[in-house]
Amino acid sequence: MEELSKRQAMERLSTPEGIITALAIDQRGALKKMMAALGMEATKEKIEQFKTLISQELTPYASAILLDPEYGLPAAQKRAAASGLLLAYEKTGYDQTVPGRLPDLLSDCSVVRLKELGADAVKFLLYYDYEEAEEINRQKQVFVERIGSECMAEGLPFYLELLAYDAKNSETHSLSYAKAKPRKVIEMMKEFSKPQYKVDVLKVEVPVNMAFVEGFAKEEIAYTRQEAGAYFKEQSDATDLPYIFLSAGVSATLFMATLRFAKEAGARFNGVLCGRATWKEAVAPFVEKGEAATLEWLAEQGKQNIQQLNEVIQETAVSWHEKVEQLDK
């Protein structure tokens, strides 16, 4: 019964062809910072209002929307009828006074409660450095095992968002981290593709920093086009699970170029869960001019961003149906 309901929920989050064209606006701390940088006090009411505008205007063009239970429930009610719902389970950010970027759950949530709120799937974000101390990584592995079992018990798909980092190098935009990143991303994907985690979909970064790829880089180069392409292919081969790309806050133009690059490299990804690349420029009209200006931006530029992205996804992504059927055998 659980497997059947999981499969049905996976279908609700995808296009009929099995491509995930999902919109993410589960940002909390990051969205507050974006608003504050433009001079707005990011109250609960303002954050809820902004998320609701995004949801009502852009979900007609998305197979699903990812929201958070803290500020996103009004937005969930305003989404298009055909758009599935993912709800985030993690607390935003992490305790910077403790090593390891250890995960934590929203204290008043459970998978049962997220399901009651209408979630078709649960998303959990994990920071991971496969080279970090074994005792730290063991804690994270156990944590993910618990969530996987909880989702399995409730028949909800488990989307695991993985963000790589280097415990010994905080300069994530540096050339040195760019060189280390492919191994970090690929090894953590291999780990969390293991069956004990009961993950249904991996939400992951691209395996390189495109700002250091030959042909994309403005200055220093960390990888030739051929090397970068090989990393995309190795990432794809590292998992049998459906996997989707996150946009990591890059521009819509760069994200679409990256998806095309991944396709050319032979990556068999199954869609995207794209947030800021689609809607981040709506924050300025919201802060500076209010709701009417935001709606105007969303109806024109926001719609254009998501429709153009959808066209690229249809050209580049492959259906998850085949992968799931293989896993079921």
dist Q77:CD -> L67:CG (nearest 0.5 Å) comes out at 10.5 Å
Tracing side-chain contacts under 4.5 Å among Ile, Leu, Val, Met, Phe, Trp and Tyr outward from L246 reaches Y94, L125, Y127, L163, Y165
K190 atom NZ: more than 12 heavy-atom contacts under 6.0 Å: yes
Of all heavy-atom pairs linking V111 and E150, the shortest is N-OE2, 2.9 Å
Sub-3.5 Å donor-acceptor pair from the side chain of E227 to the main-chain atoms of T224, do we have one? yes
One should read off an interatomic distance between L13 CG and L86 CG, to the nearest 0.5 angstrom, of 5.0 Å
Contact check, side chains of L295 and E57, non-hydrogen atoms, under 4.5 Å = yes
Applying side chain to side chain contact (heavy atoms under 4.5 Å, CB included) to V318 and not counting sequence neighbours gives R268, N270
From the list R7, K323, K6, salt bridge (Lys or Arg N to Asp or Glu O under 4.0 Å) with D200 holds only for K6
Between K263 and T316, the two heavy atoms sitting closest are CD-O, 3.5 Å
Here the pair of heavy atoms bringing S83 nearest to A62 is OG-O, 3.5 Å
- Query: Can you find a side-chain donor-acceptor pair between S176 and N169 that sits under 3.5 Å?
  - Reply: yes
- Would you confirm whether the ring centroid of F212 sits within less than 6.0 angstrom of the ring centroid of Y223? no
Rounded to the nearest 0.5 Å, the CG atom of D108 sits from the CG atom of L106 at a distance of 6.5 Å
message = Strictly distance-based, threshold 3.5 Å: is any side-chain N or O of D26 a donor or acceptor partner for the main-chain N or O of A88?
response = no
* Does some side-chain heavy atom of K203 sit less than 4.5 Å from a side-chain heavy atom of L162? -> no
Q: Establish, from distance only, whether the side-chain atoms of S251 and T253 form a donor-acceptor pair under 3.5 Å.
A: no
Does the pair Q235 and Y243 meet the rule for a side-chain hydrogen bond (donor to acceptor under 3.5 Å, both in side chains), with working shown? CA-CA 10 Å; Q235 177 188 41; Y243 77 98; 4.6 Å; no
The salt bridge (charged side-chain N to carboxylate O under 4.0 Å, His left out) partners of K179 (sequence neighbours excluded) come to none
- Task: Tell me, with the steps shown, if E205 and M189 meet side-chain contact (heavy atoms from CB on, under 4.5 Å).
- Result: CA-CA 10 Å; E205 306 163 87; M189 281 183 69; over 6 Å; no
- E296 atom CD: more than 12 heavy-atom contacts under 6.0 Å: no
Answer yes or no: is there a donor N or O on one side and an acceptor on the other, between the side chain of T278 and the main chain of N305, under 3.5 Å?
no
**Backbone of A121 reached by a side-chain donor or acceptor of K115 within 3.5 Å** = no
| Between the side chains of T15 and E17, is a donor N or O closer than 3.5 angstrom to an acceptor N or O? | yes
Q. Quick one: are D237 and E234 in side-chain contact, heavy atoms under 4.5 Å?
A. no
query: Hey, are E264 and R260 close enough for a salt bridge, meaning a charged N less than 4.0 Å from a carboxylate O?
result: no
F124 meets the ring-ring contact (aromatic ring centres under 6.0 Å, His included) criterion, sequence neighbours left out, with F143
Is the shortest side-chain heavy-atom distance between L53 and F286 below 4.5 Å? yes
Of all heavy-atom pairs linking V208 and P182, the shortest is CG1-CG, 4.2 Å
*asked:* Regarding R28 and E90, does a basic nitrogen lie under 4.0 Å from an acidic carboxylate oxygen?
replied: yes
| said: Before we go on, tell me: are the rings of W279 and F50 under 6.0 Å apart, centre to centre? | reply: yes
In this structure, CG of L105 is separated from NZ of K91 (nearest 0.5 Å) by 8.5 Å
Worksheet item: Is the backbone N or O of G155 less than 3.5 Å from a side-chain atom of S5, with the two atoms forming a donor-acceptor pair by type?
Response: yes
Quiz item: Going by heavy atoms in the side chains, are M188 and R183 under 4.5 Å from each other?
Solution: no
Item checked: Any donor-acceptor pair under 3.5 Å from D120 side chain to R12 backbone -> no
(Q) Please check this pair: side chain of S247 against backbone of C274, looking for a donor-acceptor N/O pair closer than 3.5 Å. (A) no
Q) Are Y128 and F192 close enough, and set up right, to give a ring-ring contact (aromatic ring centres under 6.0 Å, His included), and what steps lead you there? A) CA-CA 10 Å; Y128 198 79; F192 291 100; 4.9 Å; yes
Across all chains, not counting sequence neighbours, the side chain to side chain contact (heavy atoms under 4.5 Å, CB included) partners of S55 are T59, I65, A75, R79
field: Stepwise side-chain contact (heavy atoms from CB on, under 4.5 Å) test for F261 and L259
entry: CA-CA 5 Å; F261 187 90; L259 297 181; over 6 Å; no
Report task. Evaluate the criterion side-chain contact (heavy atoms from CB on, under 4.5 Å) for residue pair W320 and S14; output intermediate values, then yes/no. Result -> CA-CA 9 Å; W320 56 259; S14 314; 2.8 Å; yes
Does this structure show an ion pair linking E41 with K46, if we count only N-O contacts that are shorter than 4.0 Å? no
Separation between CG (L31) and CE (M34), nearest 0.5 Å, reads 6.5 Å
- Please step through side-chain hydrogen bond (donor to acceptor under 3.5 Å, both in side chains) for the pair Q301 and E281, ending with a clear verdict. CA-CA 9 Å; Q301 191 61 48; E281 291 172 25; 5.5 Å; no
Closest heavy-atom pair, D129 versus A167, reported as atoms and distance to 0.1 Å, is OD2-N, 2.9 Å
The side chain to side chain donor-acceptor pair (under 3.5 Å) partner of Y71 among E45, K32, Q49 is K32
Could you tell me whether a side-chain N or O of D240 sits under 3.5 Å from a main-chain N or O of S193, the two making a donor and an acceptor?
no
* Quick check: does any side chain N or O of T21 sit under 3.5 Å from a backbone N or O of S63, one acting as donor and the other as acceptor? -> yes
Please determine whether salt bridge (Lys or Arg N to Asp or Glu O under 4.0 Å) holds for the pair E70 and K44, giving the CA-CA distance in whole Å, both sets of side-chain angles, and the decisive distance to 0.1 Å.
CA-CA 9 Å; E70 293 173 283; K44 187 172 193 289; over 6 Å; no
Side chains of L66 and L23: closer than 4.5 Å at any heavy-atom pair?
no
Exercise for the section: Kindly indicate whether the side chain of V312, heavy atoms from C-beta on, has any atom under 4.5 Å from the side chain of F255. Expected result: no
CZ of F245 to CD1 of I313, rounded to nearest 0.5 Å, is 11.5 Å
Exercise for the section: For the pair K184 and E131, find out whether any cationic side-chain nitrogen is under 4.0 Å from an anionic carboxylate oxygen. Expected result: yes
Fill in: K51 side chain to Q27 backbone, donor-acceptor under 3.5 Å
yes
All heavy atoms of L87 vs all of L114, minimum pair found to be CD1-O, 3.9 Å
For Q307, the side chain to side chain contact (heavy atoms under 4.5 Å, CB included) test, sequence neighbours excluded, returns Y61, K303
